[in-house]
Amino acid sequence: MKFTSVIAALLCVLLSTAPVHATIDDSLSFALEAADPYVKDGFTVREDYWGGDLPVKQTKAIVHQLFKGNEYWFWMGSDQKVAKISVHVYDSDGNLAEVEAWQKPHMAACRVVPKKTGSYYLMVEIEKSPDERTYWSLSYGFR
Amino acid sequence: MNKLFLLALAVVTPNAWAEPPAKIDVSQLPSQARMIDEVIVPVPSEVFGVLDKIGQPHWEEILRRSTGVVKPSGGAEQIALMLGSVIAEGFIAVESQTAEEVKKIGKSVLSLSEGIGVKKAVQRRSQSIIDAADEKDWKKVRRELDGALSDVKDAMIELRSEELSQLVSLGGWLRGTEALSTVVKKNFSKDGAELLHQPVLLDYFDKRVSTMNPRRQTPLVLKVRQGLLEIRQLIGTGEGGELSEKTVQEIEAIAGGLVKAINLKAN
């Protein structure tokens with residue numbers, strides 16, 4: 001009886017953790033799909049990425065040092081194909097800093113040409129999703 | 001007619017979306033939105049890319065040529081800091097297009113990685129750095145050096161040595177900051193000096209070092225932290241602050257002193 005409980009517990013752990021990696025990785029693949037056309041335009045995509053899961057309408061802020069003289073694209077993806085997601089960038093004074101942004105089902109992106117070197121806030125949000133929590137990934141490129 | 005068509009399109013299109021607010025209060029972000037710990041440390045390519053656009057610095061004067069492959073020295077903390085500074089040197093070698101130096105750095109990355117148990121993770125990168133230097137494919141060398149940092153970080157997280165991975169980033173940041181200060185100082189401009197204005201990164205590194213396991217807070221690590229605090233003070237608290245030529249020189253001296261201490265052979 002104890003043995004079966006242990007097996008059941010292990011299965012639960014496996015079932016609950018394995019999809020986490022799979023879904024963040026899947027989300028990343030959509031973020032990179034969004035990035036693809038820009039790579040052809042000379043943007044270098046950073047190999048690191050950021051991700052997690054969020055409930056609908058909850059914003060997450062990530063601080064990033066951006067350098068004046070570079071141009072950046074931030075790409076966000078989700079494995080939930082009907083999710084509506086967004087990524088926007090604000091400067092340290094809280095002003096919207098992006099010069100361009102777009103949103104498609106389960107993908108979003110924005111472009112920033114920093115007016116000054118300093119810290120910027122990347123705001124990611126799951127605007128709509130049928131899931132209680134939705135996985136997301138964020139990648140960026142620069143040139 | 002056209003307007004009507006566009007209006008209809010906006011109504012039916014599934015991708016129509018609300019404009020984001022033009023201004024937010026970053027000091028009043030709801031608690032769940034705050035991610036103080038989540039700070040993206042830029043890769044060196046981002047800084048070197050800007051420097052390329054500002055002018056053509058004489059990188060060969062800034063490059064610190066090594067006499068051979070750098071060997072691990074001191075404890076794991078020092079080796080991690082050394083590894084970061086060697087990777088940053090790799091970027092300078094790329095800028096100066098010195099293939100022999102880049103190849104030596106590729107081997108040094110491997111040697112230092114072995115010293116902290118992540119040789120396997122960077123073996124492929126190290127070889128790619130050497131191969132790309134042979135082919136003089138500088139863009140690829142840059143990419144592989146960025147990737148080496150990322151691989152080291154991932155491998156260390158796997159080994160539960162995230163603190164050491166922070167020291168690798170810090171070592172790279174210090175050598176990068178020293179080189180950047182030298183470049184800016186040689187041909188001072190407001191735009192160039194602005195690149196050194198990185199308060200969020202200094203706060204981030206300071207927080208990481210100050211909360212490290214006490215056994216990681218060796219005299220060298222504490223010295224590095226002291227230097228970070230001094231640079232932080234010079235940079236000031238405001239965003240977009242202007243840095244004077246004198247401040248740039250002071251930052252160069254502090255960062256340079258720390259890089260020297262990091263690469264000092266332990267007895």
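Here is how names work: the chains are called A, B, and so on, in the same order as the sequence lines, proteins then strands, and each is numbered from 1. On a predicted model such as this, the values are computed, not experimentally measured, just so you know.
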Do you know which of B:Arg143, B:Lys23, B:Glu46, B:Arg142 has the most heavy-atom pairs with chain A at a distance under 4.5 angstrom?
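Among B:Arg143, B:Lys23, B:Glu46, B:Arg142, the one with the most close pairs to chain A is B:Glu46.
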Among the listed options B:Asp146, B:Asp25, B:Leu196, B:Val41, the residue most often paired with chain A at heavy-atom distances under 4.5 Å:
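Top count of heavy-atom pairs under 4.5 Å with chain A: B:Val41.
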Side chains of A:Ser27 and A:Ser137: do they bring a donor and an acceptor to under 3.5 Å?
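On atom types as modelled, these side chains do not qualify, holding no pair under 3.5 Å.
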For A:Gln80 and A:His106, which I'm curious about, is there any donor-acceptor pair between the side chains at under 3.5 Å?
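There is no such pair between these side chains.
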Which atoms of A:Leu66 come close to chain B, meaning under 4.5 Å heavy atom to heavy atom: side chain ones, backbone ones, both, or neither?
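Interface part for A:Leu66: neither.
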If you count every heavy atom of other residues, nucleotides or ligands that lies below 6.0 Å from B:Lys53 atom NZ, does the total exceed 12?
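Yes, the 6.0 Å shell around NZ holds more than 12 heavy atoms from other groups.
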For chain B, the option from A:Phe67, A:Tyr90, A:Tyr72 that forms the most heavy-atom pairs under 4.5 Å
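Answer, by heavy-atom pair count under 4.5 Å with chain B: A:Tyr90.
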When heavy-atom pairs shorter than 4.5 Å are enumerated against chain B, which of A:Asn70, A:Asn95, A:Asp48, A:Asp91 gives the highest number?
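Among the listed options, the one with the most contacts to chain B is A:Asn70.
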Measure from the ring center of B:Phe48 to the ring center of B:Trp59 and say whether it is less than 6.0 Å.
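They qualify: ring centres under 6.0 Å apart.
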Is it true that A:Glu47 and B:Arg125 have a side-chain N and a carboxylate O under 4.0 angstrom from each other?
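Judged by the 4.0 Å cut-off on N to carboxylate O distance, A:Glu47 and B:Arg125 do form a salt bridge.
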Pick one of side chain, backbone, both or neither for B:Asp52, based on which atoms fall under 4.5 Å of a heavy atom in chain A.
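For B:Asp52, neither part sits under 4.5 Å from chain A.
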